[in-house]
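Working notes, beginning with the structure itself.
Because the structure is predicted, anything quoted here is derived from the model rather than measured. So that the names make sense, note that chain A is the first sequence line, chain B the second, and so on, each numbered from 1.
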Protein chains: 2
Amino acid sequence: MEPRDLRKAGLKATTPRLRILEILQEGGPQHLSAEDIYRRLADAGDDVGLATVYRVLTQFEQAGLVTRHNFASDHSVFELESGRHHDHMVCVETGRVVEFANDDIERLQREIAGRHGYDLVDHSLVLYVRPKPNPTS
Amino acid sequence: MEPRDLRKAGLKATTPRLRILEILQEGGPQHLSAEDIYRRLADAGDDVGLATVYRVLTQFEQAGLVTRHNFASDHSVFELESGRHHDHMVCVETGRVVEFANDDIERLQREIAGRHGYDLVDHSLVLYVRPKPNPTS
DNA sequence: ATGCCTGCAAAGCTTTTGCAGATGC
DNA sequence: GCATCTGCAAAAGCTTTGCAGGCAT
């Protein structure tokens, strides 16, 4: 992710924006709340206001750079847009998030919508899961 | 839904609780927000506090009488538990909610979770749809 | 009678907004 | 230099909680 990706979206390449992009691409796929990002910035010595984090994330979402999820009902988490569509499973014990994609499910969704006289615009699928019990025990 | 269903859940059969159940079962499947229910009560002349509506709905949810959904991220809607599992599609133009069930999708979800070493505990699937354009136009 | 319930008001939380100063281009 | 952007503080909107009085059993 580069400054020019921001300009392309009509956004100036400011420190808060670049830092938030960096944090979102650290390590594997990140699913972070605004508060998470705010704290990571603070821990790194960047004094970015929480309001700015929210504003920037909203702008990124509108620009299509970031996707907003509501795995829990009381706050949103944000993920860098990869271009590859996928859904998520969330472990109810550890909170771990796993991404997956399944063409059959995607197709069935379109079929079901069509059967009811609708076109599918978007969808949200979250699997809440628990680790399988260990078979050796 | 009867007073004894409430007692079975350890809840006294009070007027607010009975009225809220009544409202939830009026007409077809209802997907109402706390505010919706609060206003319907007020319109019917029942002075039930909004806090009570929230408290009662939370109790009903814990008792398994009601299901909470988060179709929109900024408020919850509640639905009487019918015993028949189903998912939902929401029309992005009218807000209309349609229920549907599909065994293939259910099965695929369990398979995908299993493939990743998890058991499926629960899931949330919402289709956001738009009416098909009229073919005669 | 007593313990559960309710209404009201206040508080909690995430998220948004107003505004004056700061910064990118 | 000028428009955009940011930090701070305040506000907003949904939801929860504390408390004193009220109701079901």
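To the nearest angstrom, C1' of D:dT17 lies 13 Å from CD of B:Q59. One interatomic measurement links the two molecules: CG of A:L57 to P of D:dC5, which rounds to 15 Å at whole-angstrom precision. Between A:D47 atom CG and D:dT6 atom C1' there is a gap of 12 Å when expressed in whole angstrom units. Rounded to whole angstrom, the span from the CG atom of B:D46 across to the P atom of C:dC5 amounts to 19 Å. The nearest whole Å value for the distance from the CZ atom in B:R19 to the C1' atom in C:dT6 is 16 Å. For the pair A:L18 CG and D:dT4 P, the interatomic distance rounds to 19 Å; values are reported in whole Å. We find that OH of A:Y38 is positioned 13 Å from P of C:dT14, with the value rounded to whole Å. Straight-line distance from the CG atom of A:L41 to the P atom of D:dG7: 9 Å, rounded to whole Å.
The closest side-chain donor-acceptor pair between B:D87 and B:H123 falls under 3.5 angstrom. With 3.5 Å as the limit, one finds no donor-acceptor pair spanning the side chains of A:E99 and A:H85.
One finds the CG atom of A:N102 at 9.0 Å from the CZ atom of A:R107 (value rounded to the nearest 0.5 Å). Between the CG atom in A:L57 and the OG1 atom in A:T52 there is a gap of 10.5 Å [rounded to 0.5 Å].
No side-chain heavy atom of A:T67 sits less than 4.5 Å from a side-chain heavy atom of A:F78.
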Protein-nucleotides 23-25 of chain D N/O pairs closer than 3.5 Å?
unit_1	atom_1	unit_2	atom_2	d
D:dT25	OP1	B:R7	NE	3.2
D:dT25	OP1	B:R7	NH2	3.1

Extract from the structure each pairing of a protein N or O with an N or O of nucleotides 15-22 of chain C at less than 3.5 Å, listing the distance.
unit_1	atom_1	unit_2	atom_2	d
C:dT15	OP1	A:S76	N	2.9
C:dT15	OP1	A:S76	OG	3.3
C:dT15	OP2	A:Y54	OH	2.4
C:dT15	O5'	A:Y54	OH	3.3
C:dG18	O6	A:R55	NH1	3.2

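Salt bridge absent: B:D119 and A:K132 never bring a charged side-chain N and a carboxylate O closer than 4.0 Å. Taking 4.0 Å as the cut-off between side-chain N and carboxylate O, A:R40 and A:D43 do not count as a salt-bridged pair.
When the side-chain contact (heavy atoms from CB on, under 4.5 Å) test is applied to A:H116, the partners found at least two apart in sequence or on another chain are A:I112, A:Y118, B:M89, B:V98, B:F100.
Under the 6.0 Å cut-off for aromatic ring centres, B:H69 and B:H75 do not qualify, their centroids lying 6.0 Å or more apart.
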